[in-house]
Amino acid sequence: MKIYNSLSKQLEDFKPIESGLVKMYCCGPTVYMHPHIGNWRLFSLSDFVYRALRFNGYKVDFVMNMTDVGHLFEEQGNPEGGEDKIEKQAVEEGKSAKEIVDFYIKEFLKGYKDLNLSEPRKFTRATEYVDDQIDLIATLEEKGYTYETSDGVYFDTSKFSSYGELSGLTVENIKEGARIDPNPEKKNPTDFALWKFSPTSKKRQQEWQSPWGIGFPGWHLECSAMVLSELGDTIDIHLGGEDLKMIHHQNEIAQSECATGKKFVNYWIHSAFLMVDAGKMSKSLGNFYTLSEVVNKGFNPLDLRYLYMTAHYRTPLNFTWEALSSAQNSLNKIYEIVGSYEQDPKAEISDKYIKKFREKLEDDFNTPEALAVVWELLKSAIPEDSKLNTILKMDEFLGLKLQEHIGYEIPNNIIDLAKMRREYRRNGIWDKADVIRKQILGMGYIVEDTPSGEFKVKKKF
Ligand code: AMP
Ligand code: ZN
């Protein structure tokens, strides 16, 4: 398999640490709002990667987090300065932080199921790993990577010589072009909070005791702590949206590698954005759609899944309702075609098409080309029962629930017309029989005659 590694900025041959097993982590949602379909593009990508690995025979140990504390709104370019997204939402909705988190986790898991995304072994919640996060800070402190300011414990990025390897933002080049940093106590603009102290002015709902004082863990820290405790010091694949590459993932690398002395992640995979009118779809810009909005407009969530697959994950995908309609048409056509095939479990699966399909997945998860192979198969001359078994095998990756569409009903009025035509034919009234054949065709169906004088009706595609 070839994977584009954002760290080396190259297509690399994929070699897992342990033969046959892939350890994989994806930065999940911050559960303070409904995820939008930009977020779902990333979560769908993690499913495509997961399923492609499975399709290639790997076992995958997959963990995704749910950020339920500590993710701050950026303030004047300072990621450490804003309000906590969950605490703020709790005030806005007049609910407790716990109610907010529980509600949006439920919503997230519902959408996850509707998009037919593969469940990780564990969805980890940041608040369930506070002890691990405190231990990680203590280790970093012991090794001399931290310092305290009036508002928290910070990581000193100048002490990690490869800081900037992923993001390109080194301590030096940031210093040169730096604006006035809103937090003058930070030693370097790239330094980030590991632990934030609870403000004295107001009581936080989510806060914990720590050796440094009452407060809460920094957002970057949670992912490191969860990866290290669930998957180990070095993992194979880490996924996230491309906006996380610059700061969040760079900081994950810094604190993890300084704590363990080992390489943190072998392959970094970043999803390009889902765009609206050439801008990033985002919660903060308010230009987003949720999955419920998509469903309320009459779409199947799997139409969206199909739309995501039409673009390579490293290419921005511009969202329009027209593009979604066109994905819906394509998917419905696949359902209709699959529905027209008769199933024979003994029919051969085409090695040729499976191989071609697998090659596309092995080529840095090239979903648009994998879809092209699906269409090539459907248009090919191989027997229909073989096509059906082949596409069902492909659906282990596609996740389009094709099995549910096998065998469709021919409407009664079409059957009645076909019966009438059969009577004309039996009586040798060929011209009238032909008029009915054309009428049936005009209604979208094809009537065929069997050698025994019966008829067979199929949908026309
Ligand atoms: P959040 O819930 O804001 O923490 O975001 C969850 C994930 O969705 C992050 O990995 C983001 O990078 C990703 N994400 C946010 N907006 C988009 C977008 N428009 N397209 C693709 N991924 C996105
Ligand atoms: Zn993360």
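Read the numbers this way: they start at 1 and go in the same order the structure lists the ligands and their atoms.
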List ligand 1's nitrogen or oxygen atoms that come under 3.5 Å of a protein nitrogen or oxygen, with the partner atom and distance.
unit_1   : atom_1 : unit_2 : atom_2 : d
ligand 1 : 2 (O)  : Thr30  : N      : 2.9
ligand 1 : 2 (O)  : Lys283 : NZ     : 3.1
ligand 1 : 4 (O)  : Thr30  : OG1    : 2.9
ligand 1 : 5 (O)  : Asn39  : ND2    : 3.3
ligand 1 : 8 (O)  : Asn39  : ND2    : 3.0
ligand 1 : 10 (O) : Gly241 : N      : 3.1
ligand 1 : 12 (O) : Gly241 : N      : 3.4
ligand 1 : 12 (O) : Asp243 : OD1    : 2.3
ligand 1 : 12 (O) : Asp243 : OD2    : 3.4
ligand 1 : 19 (N) : Leu274 : O      : 3.0
ligand 1 : 19 (N) : Met281 : O      : 2.8
ligand 1 : 20 (N) : Gly38  : O      : 3.4
ligand 1 : 20 (N) : Leu274 : N      : 2.8
ligand 1 : 22 (N) : Gly38  : O      : 3.2

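Angle NE2 (His248) to the Zn ion (ligand 2) to SG (Cys223): 110°, rounded to 10°.
Less than 6.0 angstrom separates the ring centroid of Tyr58 from the ring centroid of Phe14. For an aromatic pair to be called close, the ring centres must be under 6.0 Å apart, and Phe108 with Phe43 satisfies this.
Taking the ring axis of Tyr145 as reference, the NZ or CZ atom of Lys159 does not stay both within 45° of it and closer than 6.0 Å to the ring centre.
Screening Phe192, Trp195, Tyr147 against Phe155 for a ring-ring contact (aromatic ring centres under 6.0 Å, His included) leaves a single residue, Phe192.
The Zn ion (ligand 2) sits nearest to atom OE2 when only the N, O or S atoms of Glu252 are considered.
Taking both residues in full, the closest heavy atoms of Leu115 and Ser44 are given as CD1-OG, 4.4 Å, listed atom of the first, atom of the second, then distance.
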I'd like a table of donor-acceptor pairs (distance under 3.5 Å, sequence neighbours excluded) in which one partner is a side-chain atom from residues 364-372, with atom names and distances.
unit_1 : atom_1 : unit_2 : atom_2 : d
Asp364 : OD1    : Tyr4   : N      : 3.1
Asp364 : OD1    : Tyr313 : OH     : 2.6
Asp364 : OD2    : Tyr313 : OH     : 3.3
Asp364 : OD2    : Arg314 : NE     : 3.0
Asp364 : OD2    : Arg314 : NH2    : 2.8
Asn366 : OD1    : Glu369 : N      : 3.3
Thr367 : OG1    : Met309 : O      : 2.9
Thr367 : OG1    : Ala311 : O      : 3.4
Glu369 : OE1    : Lys360 : NZ     : 3.1

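Listed by first and then second residue, the side-chain hydrogen bond (donor to acceptor under 3.5 Å, both in side chains) pairs involving residues 134-144 are Glu141-Trp212 (not counting sequence neighbours). Within the structure, ring-ring contact (aromatic ring centres under 6.0 Å, His included) contacts touching residues 83-107 (residues at least two apart or in different chains) are His34-Tyr104.
For the Zn ion (ligand 2), the N/O/S atoms of Cys27 include one lying under 2.8 Å. Backbone or side-chain N, O or S atoms of His249 do not reach the Zn ion (ligand 2) at under 2.8 Å.
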